[in-house]
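The structure appears below as structure tokens.
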Amino acid sequence: MYSAINSNGNGDRGQHWEAQLRKGCLEMAILASLWQSRLYGLEVLRALSEKSQLEIAEGTLYPILSRLKSEGLLQSEWVEAEAGHPRKYYWLTPAGRRRAREMAEAWSEFSTNLSALVQPILGAKTR
Amino acid sequence: MTNPVSVSPEPSTATRIEAYLGALESALRGLSPDEKHDILLEIRSHITDSVAVSQDREAAAQRVLRLLGDPKELARRYKAERMLSRASRSFSPLLLLRTTWSWAKIGMKGAVAFLVALFGYSVALALTITLILKPIMPSRVGVWWGHGDLNVGMVDHPERMHELLGQWYVPVVVVLAFGFAVGTTHALRWLIQRRAPKQIY
């Protein structure tokens, strides 16, 4: 889905409409990145940029993680790293897993419908 | 993102990082000490990790501080959400007023909420002031009608106008002031509880 939107291929600034699309997906992407593993902030950033081309600025990520935690969707704990400084790991709460599933289902339905609409524009490209 | 605080012409990497964290700490004023400590520890940890993987520490530090953005802006994002979720559970006009003022600095919805707060509470306050003045100047405070004008409180030329409520002034205005205060509080709580932007999916 993302590669269909990022038709210019690179993950940099993009245009205003592209930014709006990314913002809407952001919360879902963050929850999704935590679906299978506990991660700390930097790992979430890497997961987002590697798996989805969603480059989000670090100054945006941390307040959102904080908010998701205060909404009860995430839980966190500090873990001492070998490097000497502690890292804050996050994971999904049951409520977070429910929300992630709801979002993923809604997103899937939305993008299926939209793909059908957009198919003629993409011409021969199949999904 | 604008450049973070810089201390001197050629600060060392460590100095630059400490300056950033110092600016972030003072911008986080208002949060509880625990929350502040937690945020600063996480951001510091993030910076350390980002710089550690790189050969060029100086460039890596500059990059990560740029990506984190202006410390005041970062703090504002942290505070805004905490303030809003606290306010959504509160009935305190003072907290609601302060919260909508911070919210207004971020965007349109907050600005609207702040204007509602300002208007509603100002009217309640003004009416309450007239209630205090009524026993002091009973013949000058009232609901005045004259020359197609309706005024609540005091007017310049009461002799030219007609007072409508008489001894009913106090009970009626008490109800009005109370109504405005309570109504505004509920309107603000409603606006704050529905603050989530529409998600696209």
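Naming: A, B, ... by sequence-line order, numbering from 1 per chain. Since this is a predicted model, take the numbers as computed values, not measurements.
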Taking Leu74(B), Val64(B), Leu41(B), Ile39(B) one by one, which has the highest count of heavy-atom pairs under 4.5 Å against chain A?
Leu41(B)
Please report the interatomic distance CD1(Ile64(A)) to OH(Tyr78(B)), rounded to the nearest 0.5 Å.
10.5 Å
Can you check whether Arg44(B) reaches His85(A) side chain to side chain, under 4.5 Å on heavy atoms?
no
Taking every non-hydrogen pair under 4.5 Å, which of Gly41(A), Ser70(A), Pro63(A), Ser108(A) racks up the most with chain B?
Pro63(A)
Heavy atoms from other residues, nucleotides or ligands near CZ of Arg86(B) exceed 12 (cutoff 6.0 Å)
no
Do other residues, nucleotides or ligands put more than 12 heavy atoms under 6.0 Å from the CG atom of Leu94(B)?
no
Taking atom NE2 of His147(B) as the centre, report whether more than 12 heavy atoms of other residues, nucleotides or ligands fall under 6.0 Å from it.
yes
Which atom pair, heavy atoms only, marks the closest approach of Thr60(A) to Arg77(B)?
N-NH1, 3.9 Å
Looking at every heavy atom in both Ser45(B) and Pro86(A), which two are closest together, and how far apart are they?
OG-O, 2.9 Å
The criterion is ring pair (Phe, Tyr, Trp, His ring centres under 6.0 Å); which residues satisfy it with Phe180(B), sequence neighbours excluded?
none
Is it true that, when you exclude Lys36(B) itself, more than 12 heavy atoms of the residues, nucleotides or ligands shown sit nearer than 6.0 Å to its NZ?
yes
Under a 4.5 Å heavy-atom cut-off, does chain A meet the side chain of Ile43(B), its backbone, both or neither?
side chain
Does Glu42(B) reach the side chain of Trp78(A), with side-chain heavy atoms less than 4.5 Å apart?
yes
Tell me, please, which residues at least two apart from Arg76(B) pass side chain to side chain contact (heavy atoms under 4.5 Å, CB included).
Glu73(B)
Tell me, for Leu45(A) versus chain B, whether the close heavy atoms (under 4.5 Å) come from the side chain, the backbone, both or neither.
side chain
Around Trp101(B), counting heavy atoms of other residues, nucleotides and ligands shown, do more than 12 lie under 6.0 Å from its CH2?
no
Separation between CG of Leu67(B) and CD of Glu58(A), rounded to the nearest 0.5 Å:
4.5 Å
